[in-house]
Structures are given as C-alpha cells and as structure tokens.
Protein chains: 2
Amino acid sequence: MFDIKLDPNMSIHEQICGEVARLISLGILAPDEKLPAVRETAKALGVNPNTVQKAYAALEKSGLIYSLPAKGSYVSPGGKAAEAVKREAAAELRTAMEKAAATGLERDAAEALMDDIWGKRGKE
Amino acid sequence: MFDIKLDPNMSIHEQICGEVARLISLGILAPDEKLPAVRETAKALGVNPNTVQKAYAALEKSGLIYSLPAKGSYVSPGGKAAEAVKREAAAELRTAMEKAAATGLERDAAEALMDDIWGKRGKE
DNA sequence: TCATCTGTACTATTGACAATAATACAGATG
DNA sequence: CATCTGTATTATTGTCAATAGTACAGATGA
C-alpha cells in the first residue's frame, strides 16, 4: 500500500503520518476510504505494529482519519482531511519562511526557489 | 550577549547555532569579531558549558566561525560566514517548499505567505 | 614566573524518546 | 466460533540531549 523508503534521520511514525497525509491531500486516499490495518501496514513496512498504531493515533488526533474499533481506520469525510493537511503544510512553510527571512534572505532568492519547484508560471 | 529564550521543543545547541548564524548573516557579528567565550556564554544562558561547546564546534564545522585554542572563537572572515548562512537558509527553505508542494499546496498559497513575510512589494 | 582565561577532550549519569517485543481485551464479521 | 479489527499495557533496548566534573595545553597579562 504505502511505499515508503524509511529515512533513518526521521522517526518512523512521523514518516508514516507524512505519507498518509500526502496521499490524502492529493486525493489518492479518498474520504471514507479504508486504510490498511495497523498490523498489515506494519508487516508491509517491516515495522513494529506499535509504531504504526502510534502514527494512526496521531493522524486521528489531527482529524485526518477516524478509527472504528474492530472495524478499521478511514479517511475523514467531506474533504476535511485534505484541507487540514494543506493548512498544516502552509503553517510549516510559513515557519520556514520566517526563519529564512530572519537570516536576511532576500525575497528574490525565495521567489527563485518557488520558480524552481512550482514552475515559473503562476498557474500550471 | 545572546538573548535567546530557550525553546524546550528544540535542542539548546541547535538554538545557539541558529542565533549565532542569524547574527552573522545580519552583520551584527562582523567578520573576525570575537565571540563570547564558551564558559561565558554558558553562564549567560544558564546552560552547561559542554552544550555551548557543542554549538561552537558545529559552527566551526560549518565554516561559520574559526576557533583558536587558548585565544577564542571568531567569525569567519571575508563574508564567507554570512554567505554560508544564507546558502543554508535557502537550502532549508527549499526543502520546506518541496514538502509543501508534495502535499499539493498551490503556488498561489505559497506566494501569499511570502507577501505576508517579506512584504507585498518585491524590493523594500 | 604565575595565576587566569582560552579551546578542547574525556568519562559518567540522568532523562526523554523512538522502537521493539510480547501480550491482552472487546467488538465486528463471516 | 475463529478471525480480524483497533486499542491498551508493560518491559526492554538504544540513541541522544543535557548535565556534572575533571583535565590538559597554549595564551595572556600582571
């Protein structure tokens, strides 16, 4: 299901959270779609089930998914999950920008990075 | 010297590195200027000297400062330090942008954040 | 010369946290 | 009734940040 190449520099459950959030935000995981079971995901990733459960618990706390005991875990309905992901992504990007601006990085330099990543044209 | 409000969510030596880097980048700490001694900084921040030394060692490894045993630690000359700070800040900002873009965040949203932080006009 | 300050090095301990291991329980599902 | 589900618990391991304490060698100034 998830094809994550585990980065030893980041905690596993954070990477799982990030990947699920990404898939939700992009619509690859649709609202009310069922996520793979905790144990299944753990097996697929070669990771302890507790670690996956920690990730799922965090995702539920953030409102991205909801879990029904003895049923499964599902993507939150109504697009609320996707919105939450983007909102959080924007918040983190803001923090990074503030940090960069604090070092005196010019706006032009930041703009050049944006061109690089999103493409030079505003709408694509 | 440094007025850092310690954030428990980040490691102390990282915060020291960040603050020194910021001061260098902004020119508040000039090239070849002497930094406060390890023990002095530790006392001022109410922190263990080992922690400060760890920060200074990291700064030297990054090329931001150079240390002369029995003399002191100094900002790297020729503006190389300030350049290094900005280069690293740009690299981190790029990473944050890539992450945000991966969640599907639109360029317009990112641009709005930039207006917020750097001001709407390109040059200030 | 000598006390002091400097960066540097080392060991040890504490606490927090990530991850693992191994169970266990209750509800649903077929 | 066996099985799968989410959930909970306890324990152990390893890593890392931070602290504590100590030590050494070079410089600096009185």
Quick one: list whatever passes side-chain hydrogen bond (donor to acceptor under 3.5 Å, both in side chains) with A:E111, sequence neighbours left out.
A:R107

When the nearest nucleotide of DNA chain C is assigned to B:Q53 and to A:K71 on a heavy-atom basis, which residue is associated with the more 5' position?
B:Q53

Return the value, rounded to whole Å, for the distance between atom CZ of A:R39 and atom C1' of C:dC25.
11 Å

Separation of C:dT23 atom P from A:N50 atom CG, nearest Å, is 13 Å

Counting the atoms with a prime plus P, OP1 and OP2 as sugar-phosphate, which does A:Q15 contact under 4.0 Å by heavy atoms, base, sugar-phosphate, or nothing?
nothing

Would you give me the side-chain donor-acceptor pairs under 3.5 Å for residues 13-23 of chain B, sequence neighbours excluded?
residue: B:Q15; atom: OE1; partner: B:D7; partner atom: N; Å: 2.8
residue: B:Q15; atom: NE2; partner: B:D7; partner atom: O; Å: 2.8
residue: B:Q15; atom: NE2; partner: B:M10; partner atom: O; Å: 2.8
residue: B:E19; atom: OE1; partner: B:R22; partner atom: NH1; Å: 2.9
residue: B:E19; atom: OE2; partner: B:R22; partner atom: NH1; Å: 2.9

Selection residues 88-112 of chain A - residue pairs positive for ring-ring contact (aromatic ring centres under 6.0 Å, His included), sequence neighbours left out
none

Test of understanding: with side-chain hydrogen bond (donor to acceptor under 3.5 Å, both in side chains), list the residues that count as partners of B:K86, not counting sequence neighbours.
A:E106

Identify the 5'-most and 3'-most nucleotides of DNA chain D with at least one atom closer than 4.0 Å to a non-hydrogen atom of chain B.
D:dA17 to D:dT28

List the residues meeting side-chain hydrogen bond (donor to acceptor under 3.5 Å, both in side chains) with B:K99, not counting sequence neighbours, and say none if there are none.
A:E92

Would you say B:S67 reaches C:dG7's phosphate, i.e. side-chain N/O to OP1/OP2 under 4.0 Å?
no

Does anything in residues 51-70 of chain A form a salt bridge (charged side-chain N to carboxylate O under 4.0 Å, His left out)? List the pairs, not counting sequence neighbours.
none

Kindly express the pairing pattern of DNA chain C in dot-bracket notation, using | wherever a base pairs with another strand and counting only Watson-Crick or G-U pairs under 3.5 Å.
||||||||||||||||||||||||||||||

What one should report as the nearest heavy-atom pair of A:L105 and B:A90 is CD1-CB, 4.2 Å

Pairs flagged by ring-ring contact (aromatic ring centres under 6.0 Å, His included) wherever residues 50-73 of chain A is involved - sequence neighbours left out:
A:Y66-A:Y74

Integer-rounded Å distance: C:dT4 P and B:E40 CD:
18 Å

Any residue meeting side-chain hydrogen bond (donor to acceptor under 3.5 Å, both in side chains) with B:S67, in chain and number order, not counting sequence neighbours:
B:S73

Between CG on residue B:L113 and OG1 on residue A:T95, distance to nearest 0.5 Å
9.5 Å

Provide a list of protein-nucleic acid N or O atom pairs under 3.5 angstrom, restricted to nucleotides 15-18 of chain C.
residue: C:dA18; atom: OP2; partner: A:K54; partner atom: NZ; Å: 2.9

Which side-chain N or O atoms in residues 78-85 of chain A pair as donor and acceptor under 3.5 Å with protein atoms at least two apart or in another chain?
none

